[in-house]
Amino acid sequence: MSGEPIRYTLTIANPQGLHMRPIAALVEAASRFQSSVTILKDGQPPANGKSVMSLLGLAAEKGTQITFEIHGPDAGDALKAVVDAIERTCEE
Amino acid sequence: MRMSDFVVRESISPELTAATKEGVIREMVENLRVAGYFKGGEQDDIVKAILKREQLGSTGIGRGVAIPHTKHASVDRLIGTIGISRTGVSFESLDGEPVNVFVLLVSPQDRPSDHLRALENVSRCLRDDTFVKSLRHATTREAIWTLLDDQS
């Protein structure tokens, strides 16, 4: 892998926060790509976007900002897929 | 928050007897009832709600761990129970492996942040291989309780 990672910040809109269902959708999406997917939240160690166990550690409530840091040859598509996964499960 | 803040001590099971996904969920909800939670009818309702949630996607998150959960109006604070299966149970987990450590959570309707904090807490403990190994080797309710209560 070479080059700079893509970074993208979003605010959690789901009233329930980033709970297990959106996390599972995110992991399922991230795991389809070769790129590494890291999720950063203030005050927490970086979470692995391909691990439910790791992402549960974020406890990201509604209104929290999280930053995706995606590194690899298919980073652009991976970002689109993971953001879509979170938005798709927003109301669940 | 520690796991001993929300796990109901008297409901802990070091040896679940059920061998199916639905059976384990029923057994664990029953363990909470025996420990003094839920009134008549509520128990079935909670089991159904947990099974419905499982249909959206298994809460078997890999590494032999599952966190079945639901919200329910019968509780006024988040409660949980823990159960160990000696044989392992097929749970349609994300990694396809059987589950032997179960943490079941029931939260009030309006407290999403408590639920997220409990998930954070459970995941932090269960990422620790030493903790999980000790949990799998614990043979009594008290031994499991001590493990939950000792974590930082």
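Computed from heavy atoms alone, side chains included, the values below leave out hydrogens, waters and symmetry copies. To find a chain, count down the sequence lines: A is the first, B the second, and so on, and within it residues start at 1. Keep in mind it's a predicted model, so treat the numbers as computed, not measured.
- Residue contact with chain B, scored on non-hydrogen atoms closer than 4.5 Å, involves the backbone of A/A60 exclusively.
- Interface remark: B/R53 contributes side-chain atoms only to the contact with chain A (heavy atom separation under 4.5 Å).
- Proximity to chain A (any heavy atom under 4.5 Å) is shown, for B/L126, by both the backbone and the side chain.
- Salt-bridge annotation for B/R9 and B/E142: present, with a side-chain N of the basic residue lying under 4.0 Å from a carboxylate O of the acidic one.
- Here the two rings, on B/H115 and A/H19, have centers that are 6.0 Å apart or farther.
- Donor-acceptor pairing under 3.5 Å is recorded for the side chains of A/S35 and A/D74.
- With a 4.5 angstrom heavy-atom cutoff, A/L55 does not touch chain B via any of its atoms.
- B/K21 and B/S90 get closest at one heavy-atom pair: CB-O, 3.9 Å.
- Heavy atoms closer than 4.5 Å to chain A are found nowhere in B/V122, neither backbone nor side chain.
- Contact count versus chain B (heavy atoms, under 4.5 Å) is highest, among A/L56, A/I23, A/L58, for A/L56.
- Between A/G49 and A/I39, the closest heavy-atom pair is CA-CD1, 4.3 Å.
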